[in-house]
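Please read the structure below before turning to the comments.
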Amino acid sequence: MNSIPLIDEHAHWFHASQMEEKEFMMSSAESWHEGEIKSDVVEMNSWRPFYMLLRNEMRKKFGDKFMEERNKLVKDDAEAYVKSLFEEENIKGFVIDEGFGNKKQEISLPFKRLFRIETAIDNSLFSMPFNEAVTHFKEILRSKVRKEGYAGFKSIVAYRTGLPQTCEEGLGSRDFYSGETEWYGRKAKGFRDLLFCITMEESKSLGVPFQVHTGAGDRDIKLNKSMPSIMTNLVRKYEGKIVFVHAGYPFHRETAWMSYIFPSVYLDVSQIFPFAPTGGFHALSEVLEVAPFIKVMYGSDVFELPEIAWISAKLFRRALSKSMDELEQIGVLNSSQRREAEEMISYKNAERLYGKFV
């Protein structure tokens, strides 16, 4: 199992820098940061199962003074330090969502970039007439793939107005001219849904996958509007490839079943690994109850700290081994099929969707 390479199917830009442990801990958090709210978020984050796991594994690797040892390595050669973490876990490539942060450090491994469509839904788009805005949006998508080499698209509409159920041009036009706003800008629910569906069609036409955030996330997620089943009608006869990021956790059973009945639906188990340490074991097992092995991919949702990718890979290997043991014991897989399924989930499915990582 340890010899099988991993492709991290869902990640963000990250970098290594010297820091104190509190900063290290808070940089690994998806919750409020200190000073943003009148609560003790430091104590809360110090008792997160994920951070306790990360800290314990860092101590195993570097000793009790793990931050001091880590910082020495980062100071000497940050890129070499990051590379050593990835080599230890046999990580061979990344699929990067560029919408979260900026590239601050060179990555020593091959990676594919995804274009987050929400970055194009801005004031300049709303300053155009409706029909021109739609045409311009399509041109952006085509250019990103054909001219700039992006491997696919990503949407975080679940953080904005919720996952779409239908796409209607009339509603899109109506909401396009509505002045209602939220913290991220123009709300325009019908218009955002329309652009989402346009992205589905452009993805199919261009032959690239479309990642969609589903399930839990950061503190601004609209959780009741992020359930994968909301999109049932949209994917029922879709002929492209759509990836439900994070497997829709905690609604991962919905996602698994949808991947079983709809040819277009794929999923990754990012964010579950590593941010739900025990949940990862259970969720992966539950996903593999029904999801075709050719539809499931590894991912971490790494951001800021390269150690997140490192600890995620460790945790995933343990969970995959345990799940495969169960499947082999009850007769779902024989030993050769097990190896093939492990390779699919670890890296081969990502290569099928995004291309070879060279």
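Within 6.0 Å of NZ on K241 lie no more than 12 heavy atoms contributed by other residues, nucleotides or ligands. Counting heavy atoms of neighbouring residues, nucleotides and ligands inside a 6.0 Å radius, atom CG of N224 exceeds 12 of them. Other residues, nucleotides and ligands place more than 12 heavy atoms under 6.0 Å from the CD atom of E148. Heavy atoms from other residues, nucleotides or ligands lying under 6.0 Å from NZ of K222 number more than 12. Within a 6.0 Å radius of OH in Y260, other residues, nucleotides and ligands contribute 12 heavy atoms or fewer. Residue-environment remark: CD (E340) stays at or below the threshold of 12 foreign heavy atoms within 6.0 Å. Within 6.0 Å of CG in D76 there are more than 12 heavy atoms belonging to other residues, nucleotides or ligands. When the shell of 6.0 Å around NZ of K204 is examined, it contains more than 12 heavy atoms from other residues, nucleotides or ligands.
The pair K60-E57 meets the salt-bridge criterion, with a side-chain N (NZ, NE, NH1 or NH2) lying under 4.0 Å from an Asp/Glu carboxylate O. Under a 4.0 Å N-O distance rule, the pair K189/D193 qualifies as a salt bridge. Salt-bridge formation is detected for the pair D325/R338: a Lys NZ or Arg NE/NH1/NH2 atom is positioned less than 4.0 Å from an Asp or Glu carboxylate oxygen. The pair R142-E202 counts as a salt bridge, with a side-chain nitrogen and a carboxylate oxygen less than 4.0 angstrom apart. Classification of K154 and E118 as a salt-bridged pair fails, no side-chain N sitting under 4.0 Å from a carboxylate O. In summary, E98 and K103 do not engage in a salt bridge, as defined by a charged side-chain N under 4.0 Å from a carboxylate O. Here K72 pairs with E69 in a salt bridge; the nearest charged N to carboxylate O distance falls below 4.0 Å.
Residues D301 and H10 have side chains that bring a donor and an acceptor to within less than 3.5 angstrom of each other.
The aromatic rings of F115 and Y150 lie perpendicular to each other, with more than 60° between the two planes, well past the 30° mark. F62 and Y81 have tilted rings, their planes meeting at an angle from 30° to 60° on a 0 to 90° scale. Taking the six-membered ring where the residue is Trp, Y298 and F316 present tilted rings, their angle falling between 30° and 60°. Between F86 and F14, the ring planes are perpendicular. Angles over 60° get that label, and only those under 30° would be called parallel. The aromatic rings of F303 and F275 sit parallel, their planes meeting at an angle under 30°, below the 60° perpendicular limit.
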Candidate pair R339 and E343, rule salt bridge (charged side-chain N to carboxylate O under 4.0 Å, His left out), full reasoning: CA-CA 6 Å; R339 177 75 178 190; E343 290 176 345; 3.3 Å; yes
Working for side chain to side chain contact (heavy atoms under 4.5 Å, CB included), residues I156 and R116: CA-CA 8 Å; I156 57 163; R116 184 182 288 190; 3.3 Å; yes
Worked verdict on E89 versus R317 for salt bridge (charged side-chain N to carboxylate O under 4.0 Å, His left out): CA-CA 9 Å; E89 293 304 321; R317 291 187 190 283; 3.4 Å; yes
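The one candidate from F196, F153, F244, Y159 that meets the ring pair (Phe, Tyr, Trp, His ring centres under 6.0 Å) condition with H213 is Y159. Each of F94, F357, W13 was evaluated against F111; a single residue qualifies, W13, per the ring pair (Phe, Tyr, Trp, His ring centres under 6.0 Å) test.
A donor-acceptor contact shorter than 3.5 Å is absent between the side chain of S178 and the backbone of D175. Formation of a donor-acceptor pair under 3.5 Å by the D218 side chain with backbone atoms of D220 is not found in this model. Using a distance-only test at 3.5 Å, with no hydrogens or angles considered, a donor-acceptor pair links the side chain of Q337 to the main chain of N334. Distance alone, capped at 3.5 Å, is enough to place a donor-acceptor pair between the R186 side chain and the F176 backbone.
For Y249 and H252, the ring centers are positioned less than 6.0 Å apart.
Note that the CH2 atom of W310 and the CG atom of L85 stand 7.0 Å from one another [nearest 0.5 Å].
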